[in-house]
Colleague: 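So that we are looking at the same thing, I have put the structure below in structure tokens.
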Amino acid sequence: MDSAELADLGQQLRVDGIRASAAAGSGHPTSSMSAADLMAVLLAHHLHYDFDRPEHPADDRFVLSKGHASPLLYAAYKAAGAIDDDELLTFRTLGSRLEEFPVGGSKVLRSSGQGDRVTIVAAGVTVPEALAAADALDAQGIPVRVVDLYSVKPVDRDTLRRAAEDTGCLLTVEDHHPEGGLGDAVLDAFLDGRPVPRLVRLAVTSMPGSASPEEQLHAAGIDAESIAAAVRLLVEQAVTP
């Protein structure tokens with residue numbers, strides 16, 4: 001693309017970012033507008049990314065530090081043909097791939113209903129590990145609930161309390177030291193005098209060394225294998241509601 005074409009692309013990204021925010025009835029469109037020309041240059045000349053294979057190791061990784069500019073990212077997806085205009089306008093719509101993550105919320109990613117034996121509460125890098133553990137446990141006849149507690153302050157007390165009532169035990173998994181992290185945030189949901197469920201924490205308790213991400217997770221005891229082992233132990237100890 002030449003300079004004029006890049007300018008046109010930047011303008012289209014601005015327009016689509018504003019349209020997405022307008023359709024949602026919320027957002028910060030000026031954040032998207034200010035970065036649109038940068039995004040246009042990256043998308044046209046520098047970003048190497050296969051939208052059909054987002055996990056491909058040859059893909060570049062784009063880190064957007066200004067979260068308010070998420071409409072710009074989705075506008076770029078549309079410009080690249082990864083989503084269509086109809087999907088762009090589902091920004092912040094419940095159930096959409098472009099759904100928002102409200103402060104104080106959480107997402108129940110896995111549940112079998114009242115038959116769940118344990119609730120695994122994870123956030124960030126430990127969420128896919130928790131889901132992989134849930135798959136392995138399900139194959140062994142142990143249904144579990146998985147909660148993505150992406151907001152820790154404030155915390156989603158209602159979802160945690162419901163999970164405690166249904167399963168009787170919460171297992172938190174965090175890429176963080178146990179002090180002041182996810183486990184403490186979960187515990188805060190039960191400081192109003194109600195019975196506190198059994199709470200087991202998996203967290204980083206040692207200094208990390210030089211290793212791959214997978215090796216780091218395993219060494220810290222917060223990978224899928226470690227999570228599944230902790231759940232099996234809890235079930236063997238007859239943790240019931």
Side-chain angles (χ1 to χ4, degrees), residues 1-24 26-103 105-107 109-110 122-135 146 148-151 175 208 210-218 222-224:
M1 284 188 174
D2 59 25
S3 296
E5 291 171 324
L6 287 172
D8 288 343
L9 177 57
Q11 286 296 83
Q12 187 59 53
L13 294 175
R14 288 185 178 90
V15 169
D16 283 336
I18 292 173
R19 292 176 62 238
S21 295
S26 63
H28 302 266
T30 54
S31 295
S32 297
M33 294 176 68
S34 65
D37 291 322
L38 291 173
M39 178 65 86
V41 173
L42 284 173
L43 186 62
H45 292 308
H46 299 286
L47 188 65
H48 299 283
Y49 193 85
D50 186 342
F51 287 94
D52 293 326
R53 297 188 296 171
E55 299 299 326
H56 194 282
D59 285 345
D60 288 339
R61 294 293 180 257
F62 177 71
V63 180
L64 184 66
S65 62
K66 48 189 291 184
H68 288 165
S70 57
L72 174 62
L73 178 63
Y74 300 136
Y77 284 177
K78 178 195 166 187
I83 64 174
D84 60 22
D85 195 66
D86 289 340
E87 186 169 13
L88 174 71
L89 300 182
T90 65
F91 175 60
R92 289 190 169 180
T93 299
L94 185 64
S96 163
R97 292 197 298 172
L98 315 185
E99 182 182 349
E100 68 174 335
F101 292 80
V103 175
S106 68
K107 291 184 182 297
L109 303 179
R110 183 79 174 263
V125 70
T126 61
V127 170
E129 300 298 323
L131 290 171
D135 287 338
V146 178
D148 178 3
L149 197 69
Y150 62 80
S151 175
D175 181 25
S210 179
S212 69
E214 294 77 14
E215 291 169 337
Q216 295 274 18
L217 290 170
H218 183 71
I222 55 174
D223 63 342

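Side chains included, hydrogens not; waters and symmetry mates left out as well; all remaining heavy atoms used.
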Colleague: Do the side chains of Arg61 and Tyr49 get nearer than 4.5 Å, heavy atoms only?
Modeller: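 Tyr49 reaches Arg61 side chain to side chain.
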Colleague: What pair of heavy atoms forms the shortest contact from Ala123 to Asp148, and how long is it?
Modeller: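 Scanning both residues completely, I find the closest heavy atoms to be CA-OD1, 4.0 Å.
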Colleague: Check whether Asp60 reaches the backbone of Leu47 with its side chain - one donor and one acceptor, N or O, closer than 3.5 Å.
Modeller: no
Colleague: Just by modelled atom types, is the Asp50 backbone N or O under 3.5 Å from a matching donor or acceptor in the Asp59 side chain?
Modeller: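 Yes: the side chain of Asp59 pairs with the backbone of Asp50.
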Colleague: Kindly give the heavy-atom pair with the smallest separation between Ala82 and Arg97, and that separation in Å.
Modeller: O-NH2, 4.0 Å
Colleague: Under 3.5 Å, is there a donor-acceptor pair linking the side chains of Asp223 and His218?
Modeller: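 Distance-only check passes for Asp223 and His218.
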Colleague: Write down the atom of Leu72, the atom of Ser32, and the distance for their closest heavy-atom approach.
Modeller: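 Of all heavy-atom pairs spanning Leu72 and Ser32, the closest is N-OG, 3.3 Å.
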Colleague: Determine whether Arg110 and Asp135 make a side-chain contact, defined as any pair of heavy atoms from C-beta on separated by less than 4.5 Å.
Modeller: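 Yes, at least one pair of side-chain atoms sits under 4.5 Å.
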Colleague: Tell me which one of Leu89, Thr93, Thr90, Leu73 satisfies side chain to side chain contact (heavy atoms under 4.5 Å, CB included) with Leu98.
Modeller: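 Going through the options one by one, the only one that passes is Thr90.
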Colleague: Please list all pairs passing the side chain to side chain donor-acceptor pair (under 3.5 Å) test where one or both residues lie in residues 69-80, with sequence neighbours left out.
Modeller: Asp16-Lys78, Lys78-Asp85
Colleague: Could you state the interatomic distance from CZ (Arg14) to CE (Met39), rounded to the nearest 0.5 Å?
Modeller: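 Between Arg14 CZ and Met39 CE, I get 12.0 Å after rounding to 0.5 Å.
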Colleague: Looking only at non-hydrogen atoms, find the nearest pair between Ala122 and Ala130 and report the distance.
Modeller: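 It is CB-CB, 4.0 Å.
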Colleague: Looking at every heavy atom in both Val146 and Ala134, which two are closest together, and how far apart are they?
Modeller: CG2-CB, 3.8 Å
Colleague: When you measure from the side chain of His46 to the backbone of Val41, do you find a donor-acceptor pair of N or O atoms at a distance under 3.5 Å?
Modeller: no
Colleague: Checking Ser34 side chain against Ser31 main chain: does a donor-acceptor pair fall under 3.5 Å?
Modeller: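 Yes: the side chain of Ser34 pairs with the backbone of Ser31.
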Colleague: Could you grab the distance from atom CE of Met1 to atom CG of Leu9, nearest 0.5 Å is fine?
Modeller: 5.0 Å
Colleague: Do Leu88 and Arg19 make a side-chain contact, defined as non-hydrogen atoms from C-beta onward lying under 4.5 Å apart?
Modeller: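 Yes, side chains in contact.
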Colleague: Could you pull out all residues at least two apart from Asp8 that satisfy salt bridge (charged side-chain N to carboxylate O under 4.0 Å, His left out)?
Modeller: none
Colleague: Can you name the closest pair of heavy atoms from Leu6 and Ala44 and give their distance?
Modeller: CD2-CB, 3.6 Å
Colleague: Which is it for Met33 and Ile18 under the side-chain contact (heavy atoms from CB on, under 4.5 Å) test, yes or no, and what are the steps along the way?
Modeller: CA-CA 8 Å; Met33 294 176 68; Ile18 292 173; 3.7 Å; yes
Colleague: Tell me if a side-chain donor or acceptor on Glu5 pairs with a main-chain N or O of Asp2 at a distance below 3.5 Å.
Modeller: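 Yes, the answer is positive, given that a donor and an acceptor are paired below the 3.5 Å cut-off.
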